[in-house]
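Whatever order the structure lists ligands and atoms in, that order sets their numbers, starting from 1.
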Amino acid sequence: MRKQIAAANWKMNLTLQQAEALMDELNATPHRLSENQEAVFGVPFPYLINIKNKLAGKKNVFVAAQNCYSKKSGAYTGEVSAEMLQSIGTDYVILGHSERREYFNESHAMLAEKINICFEYGLKPIFCCGEPLDIRETGKENGYVETQLKECLFHLSAAQLTGFVIAYEPIWAIGTGKTASSEQAQQMHAHIRAVMAKKYGAEVAGSISILYGGSVKAGNAKEIFGQADVDGGLVGGASLVAAEFAAIINSLK
Ligand code: 13P
């Protein structure tokens, strides 16, 4: 059975004090995770160790970095390597977020390299894909997302993609309050699974957790997560509010 995941992406928000207070509040807010469910916290680099420590002893709860560099080590001032992340106990790395693609010019080729280096150091990528508004409005979203998958993932082996995590985040739904309808989400998630199945077979595709991201809130999570091919969410704004994120965790299938 593939994993159902509620992943928080705090983006560039919160001081350390605010982040710790948020985790304390969340820990005090009733939420549960069953055997095949996970909660993942995508926190800023400087707090990874602190938040990891706050979560010590908790089952099925993990931390994610929001990026890493594609090279092993060396003269890359300001960058953070996969090995560094591994050395502090990071579990996941969010890669290919549309904000990174847009503001930091991350290309398909660079993302493919970043995914490779994560595998090399035992970090689990959460690979983001999703189309901008003009592509959706011209009905080209399926082809657009298919290209992202092919260019960034198709060099990987079936073993590497077994249990892999993909997040579908339509750019027009990120931070806009405009959520994709549950039908739109299901349709794209089924397409993503079909693309992966065509290349790797139904078993591998069926093991991939496909998360939806884009204005997920406590109020809409249950309906979106209830779709057959939606295996949880990657949550921005609502993950900064303990009661919201606890309710989102409780909405997992
Ligand atoms: P919002 O939930 O704020 O729309 O952000 C989604 C997102 O980008 C998560 O990675």
Side-chain angles (χ1 to χ4, degrees), residues 3-14 18-19 22 26 31 38-45 47-48 51 62-68 90-104 106 111 114-115 118 123-133 135-136 141 144-145 148-149 152 164-182 184-185 188-189 192 208-225 227 230-252:
K3 283 191 186 116
Q4 306 295 306
I5 302 171
N9 178 7
W10 289 356
K11 307 190 181 183
M12 197 177 75
N13 291 298
L14 308 176
Q18 290 167 335
L22 174 62
L26 184 69
H31 60 280
E38 291 185 359
V40 178
F41 293 89
V43 310
F45 288 131
Y47 317 150
L48 275 165
I51 301 303
F62 302 97
V63 291
Q66 297 173 14
N67 181 32
C68 76
T90 308
D91 306 290
Y92 284 93
V93 183
I94 299 169
L95 289 174
H97 194 283
S98 57
E99 290 150 16
R100 301 251 9 130
R101 294 181 195 253
E102 183 179 348
Y103 306 138
F104 304 97
E106 295 198 0
L111 290 171
K114 289 186 175 193
I115 290 168
C118 280
L123 299 164
K124 293 189 261 189
I126 296 175
F127 173 72
C128 304
C129 58
E131 80 286 355
L133 185 60
I135 295 290
R136 169 65 64 167
E141 64 274 12
Y144 187 93
V145 170
Q148 292 179 318
L149 299 171
C152 301
F164 194 77
V165 183
I166 294 174
Y168 167 60
E169 300 203 309
I171 297 170
W172 46 272
I174 295 177
T176 58
K178 192 177 168 197
T179 322
S181 68
S182 47
Q184 284 173 321
M188 180 57 85
H189 283 225
I192 290 169
I208 296 174
S209 299
I210 309 177
L211 317 185
Y212 168 80
S215 300
V216 174
K217 307 179 205 47
N220 59 24
K222 199 148 195 107
E223 181 178 344
I224 299 173
F225 298 174
Q227 302 301 307
V230 179
D231 306 309
L234 180 56
V235 186
S239 74
L240 301 171
V241 181
E244 282 280 315
F245 197 62
I248 290 167
I249 292 173
N250 289 337
S251 302
L252 289 171

Selected option - heavy-atom contact closest to atom 10 (O) of ligand 1, from Q66, K11, E169: E169
Parallel, tilted or perpendicular: ring planes of F41 versus W10, cut at 30 and 60 degrees: perpendicular
Residue part near ligand 1, for I174, under 4.0 Å between non-hydrogen atoms: both
Enumerated ligand 1 atoms positioned under 4.0 Å from heavy atoms of G175: 1 (P), 3 (O), 4 (O)
Nearest heavy-atom neighbours spanning V40 and F245: O-CZ, 4.4 Å
Interfacing atoms of ligand 1 (cut-off 4.0 Å, heavy-atom, G237): 1 (P), 2 (O), 3 (O)
Between E169 and H97, a side-chain donor and acceptor under 3.5 Å: yes
Shortest non-hydrogen contact between L234 and L211, atoms and distance: N-CB, 4.1 Å
Atom pair CG/CD of L133 and E141 - distance to nearest 0.5 Å: 10.5 Å
Contact atoms of ligand 1, heavy-atom distance to G214 under 4.0 Å: 4 (O), 6 (C)
Polar contact flag for N9 and ligand 1 (N/O pairs, less than 3.5 Å): yes
Atoms in ligand 1 flagged as close to A173, the criterion being non-hydrogen separation under 4.0 Å: 4 (O)
Parallel, tilted or perpendicular: ring planes of H189 versus Y212, cut at 30 and 60 degrees: tilted
K114 vs N67 side-chain heavy atoms within contact, under 4.5 Å: yes
Sub-3.5 Å N/O-N/O distance, E99 and ligand 1: no
Identity and separation of the nearest protein heavy atom to atom 2 (O) of ligand 1: G236 N, 2.9 Å
